[in-house]
2 protein chains.
Amino acid sequence: MASRNRFFGVNRRVMSAVLAAFTAFAILLPGSALAQTAVTSPLPGWNDTATKRAIVTFVERVTKQGSPDFVPPAERIATFDNDGTLWAEQPIYVQLAFALDRVKVLAPLHPEWKDKEPFASLLKGDLKGALAQGERAIVEMVMTTHAGMTTDEFEKVVKDWLPTSKHPKTGRPLTEMAYQPMLELLAYLRASGFKTFIVSGGGVEFMRAFAEKVYGIPPEQVIGSSGKQKFELRDGQPVLIKLPEMDFVDDKEGKPIAIQKFIGRRPVMAFGNSDGDLQMLQWTAAGSGARFCMYVHHTDAEREWAYDKPSSIGQLDQGLEEATAKGWAVADMKKDWKYVFAFEKSSAAGK
Amino acid sequence: MASRNRFFGVNRRVMSAVLAAFTAFAILLPGSALAQTAVTSPLPGWNDTATKRAIVTFVERVTKQGSPDFVPPAERIATFDNDGTLWAEQPIYVQLAFALDRVKVLAPLHPEWKDKEPFASLLKGDLKGALAQGERAIVEMVMTTHAGMTTDEFEKVVKDWLPTSKHPKTGRPLTEMAYQPMLELLAYLRASGFKTFIVSGGGVEFMRAFAEKVYGIPPEQVIGSSGKQKFELRDGQPVLIKLPEMDFVDDKEGKPIAIQKFIGRRPVMAFGNSDGDLQMLQWTAAGSGARFCMYVHHTDAEREWAYDKPSSIGQLDQGLEEATAKGWAVADMKKDWKYVFAFEKSSAAGK
């Protein structure tokens, strides 16, 4: 990656000048595809590096009538991982933060948690100790705090919680930890006739509670991990009860399986940030015709976080190798993004 | 149902006259919602009975800006069962006809089928004997004939088979056994801002192979029963292999569960034709705000089939009772439809 980054660094100013010239030229040629792009200025939060150019060039290639790579609107499917791709996943997944808060709220109803890990550690304020109980314990805690209510009740609990949540580093509600350049990318793709989907290891009902508001993605385009549910009539009224049992884990091999199951059509573009997204990108890249894969690379320790290999969350090791080998795009947060979050947008714009 | 039908029978001519007067009036008032409806003539294949009026009145109620029952476009979800609701399911399900044909094609590769039921009966030409082996045997046969190939291969097999298929009664390819009034209803709902979904017990990948062409419903809006799949790399190329193991049965209680799982939003309108659709209709009806449920009732022994209670396919017993009790619409094929299939449309129009 080093040589790649250096390359962009050296050429950035030159490229900016070239693009500025193109924009001026485009204004003189209204009606051309170039003019249209230049005037609507897609992706204002992206620096004029090769990553942005790769995205825009690809979208123009597949959406231009008569292009040999033209993709009909019905087939324009773009899939996005969520945690670490559309919003921050550090220091812990947002859904885990929700589960931890739920443990505190629900503790009075569960006196047995005082002697049961990971609940016991957590209730003593020892988050690190709780998380050290291993993945199985964490999954159980998430399942337990999410189950036993109806789907309607769960949606309300999440929607009520989100505005009260607070990121430990920025102090912002967690929904404000969405990446502004990615929100612009979602909007740009939709304006180009793409249907945007989330394909994430996160819980599907958790994500649906905010995806429409935060990302403009309706519930039927959110795919995630899920628990089993039970249909029953309560006083003649049908309800769906969330059970404390996993149904489907939407990660790694699960992602292409979920794409086939829920969408039934191979994506034209796919975006991820970790090895858990690799199979989704492989599946996308292997389709006939033009395909676009991109990894978001966490390189910005100052504005966000810098991590890949040594991280327990969002490990990107094999994926980065494959991206390099196959020429997939890699968005280098530090170099490619003018700003990361909306709340720093105004200050960044003035730079 | 008898009193209901009599009621419509008596009033049909009067109602036709009233509607004709309304239409004439509407033409004098261009720009009004009524004029728009009258001029675009939704549902030409539906007689002007209470069923058609109930549909149109409901759609106008939920789509008219300022109406107390207005539903924003993003929430306009309409779900349809497939077999018996959108196309004919007699004398056997289309997917079963496909599986039976596949047994014949695949028999040379499976010498063991000569001694194994239901394959043995079927290969001897004894369809009745094969189907008499019970549901479990039938499901096994369907699973066996659908599994072992990649998802891409399966899609191609179905797409190649459909034009060669032939309905035993009409001699038409099975895709022509779609109900024309229901196709008009799908188009009318989409023109009114609804997203139309299939929610069927049929195999999801089987239905996706024709749903876009026959119904205008893209794969991501087709929900059905599914088998398990496996992701693997074959010479570095990712494939999804269909396994001979059920994953999810999208019938009865499975329908609201599937709606929650795949759509994540309660339908505003739901359409079915059997007791297997009852829970979907209950779930839809129980939502807050305006909801519309309808059963298609097979009452036309001449143009289609007449069946409900005694039928092994498409039993409609409890559902019809609940429809009457709750005031859900019931489309009486014989009375409510001008024609059933597109191929009788021209002759019916001349009547």
Side-chain angles (χ1 to χ4, degrees), chain A residues 73-75 77 150-152 155 195 197 204-205 207-209 211-212 216 218-224 226-234 236-242 247-248 252-266 278-288 326, chain B residues 73-75 77 150-152 155 195 197 204-205 207-209 211-212 216 218-224 226-234 236-242 247-248 252-266 278-288 326:
Chain A
E75 294 173 21
I77 303 288
T150 70
T151 50
D152 286 349
E155 184 184 349
K195 252 189 177 175
F197 285 81
V204 65
E205 307 215 296
M207 295 188 290
R208 281 173 177 161
E212 193 155 36
E220 66 271 23
Q221 285 161 225
V222 178
I223 300 168
S226 53
K228 295 208 168 165
Q229 301 192 346
K230 191 182 151 197
F231 175 87
E232 62 180 49
L233 294 174
R234 284 188 176 173
Q237 285 301 301
V239 289
L240 287 169
I241 313 289
K242 289 171 71 68
D247 177 42
F248 181 74
K252 300 189 191 286
E253 290 81 5
K255 292 206 175 195
I257 288 173
I259 287 170
Q260 179 66 14
K261 190 168 167 171
F262 285 75
I263 307 178
R265 188 166 250 162
R266 201 185 296 246
L278 180 57
Q279 289 83 354
M280 170 166 80
L281 271 58
Q282 289 174 331
W283 177 245
T284 299
S288 61
K326 295 192 174 171
Chain B
E75 294 172 22
I77 303 288
T150 69
T151 50
D152 287 349
E155 184 184 348
K195 251 190 177 175
F197 285 81
V204 67
E205 306 215 297
M207 296 188 290
R208 281 174 176 159
E212 192 155 37
E220 67 271 22
Q221 286 162 223
V222 178
I223 299 168
S226 54
K228 294 208 168 164
Q229 302 192 345
K230 191 181 150 197
F231 176 88
E232 62 181 49
L233 294 175
R234 283 187 177 175
Q237 286 299 302
V239 289
L240 288 169
I241 314 289
K242 288 171 72 68
D247 178 41
F248 181 74
K252 299 189 192 286
E253 291 80 5
K255 293 205 174 194
I257 288 173
I259 287 169
Q260 180 65 16
K261 190 168 167 170
F262 285 76
I263 308 178
R265 188 167 250 163
R266 202 186 295 245
L278 180 57
Q279 290 81 354
M280 172 168 79
L281 271 57
Q282 289 173 331
W283 177 244
T284 299
S288 61
K326 295 193 174 170

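Letters go in sequence order (proteins before strands), and every chain restarts at 1.
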J.: Return the CH2 to OG1 distance between B/Trp283 and A/Thr151, rounded to the nearest 0.5 Å.
T.: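 These two atoms lie 4.0 Å from each other.
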J.: Got B/Lys230 and A/Ile257 here, is their nearest side-chain heavy-atom distance under 4.5 Å?
T.: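 With C-beta onward as the side chain, the pair stays apart.
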J.: What part of A/Gln237 is in contact with chain B, defined as an atom under 4.5 angstrom from a non-hydrogen atom: side chain, backbone, both or neither?
T.: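 Contact with chain B: side chain only.
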J.: Answer with yes or no whether the side chains of A/Glu220 and B/Gln221 bring together a donor and an acceptor at under 3.5 Å.
T.: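 Note: B/Gln221 and A/Glu220 side chains miss the donor-acceptor criterion.
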J.: Tell me the closest heavy-atom pair linking B/Gly264 and A/Pro219, and the distance in Å.
T.: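 Distance-wise, the nearest heavy atoms are O-CB, 3.8 Å.
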J.: Measure A/Val222 against the heavy atoms of chain B and call it side chain, backbone, both or neither at under 4.5 Å.
T.: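 When you check distances to chain B, no heavy atom of A/Val222 falls under 4.5 Å.
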J.: Any idea which of B/Pro256, B/Gly254, B/Ala285, B/Gly224 has the most non-hydrogen atom pairs under 4.5 angstrom with chain A?
T.: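 Between B/Pro256, B/Gly254, B/Ala285, B/Gly224, the count favours B/Pro256.
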J.: Could you tell me if the side chain of A/Glu212 sits less than 4.5 Å from the side chain of B/Arg265, heavy atoms only?
T.: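 Result yes, sub-4.5 Å side-chain heavy-atom pair found.
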J.: Heavy atoms only, distances under 4.5 angstrom: which of A/Glu253, A/Arg208, A/Glu75 has the most pairs with chain B? Name it, please.
T.: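 Most heavy-atom pairs under 4.5 Å with chain B: A/Arg208.
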J.: State, with a plain yes or no, whether a side-chain heavy atom of B/Ile223 is found less than 4.5 Å away from one of A/Phe262.
T.: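 A side-chain contact is absent here, since even the closest heavy-atom pair is not under 4.5 Å.
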J.: Is there side-chain contact between B/Gln260 and A/Phe231, with at least one heavy-atom pair below 4.5 Å?
T.: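 No - every pair of side-chain heavy atoms lies 4.5 Å or more apart.
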J.: Counting only non-hydrogen atoms closer than 4.5 Å, does B/Phe197 touch chain A with its backbone (N, CA, C, O), its side chain (CB onward), both, or neither?
T.: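 Answer is side chain: those atoms of B/Phe197 sit under 4.5 Å from chain A.
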J.: If you apply the rule salt bridge (Lys or Arg N to Asp or Glu O under 4.0 Å), what do you find for A/Lys261 with B/Glu205, and how did you get there?
T.: CA-CA 8 Å; A/Lys261 190 168 167 171; B/Glu205 306 215 297; over 6 Å; no
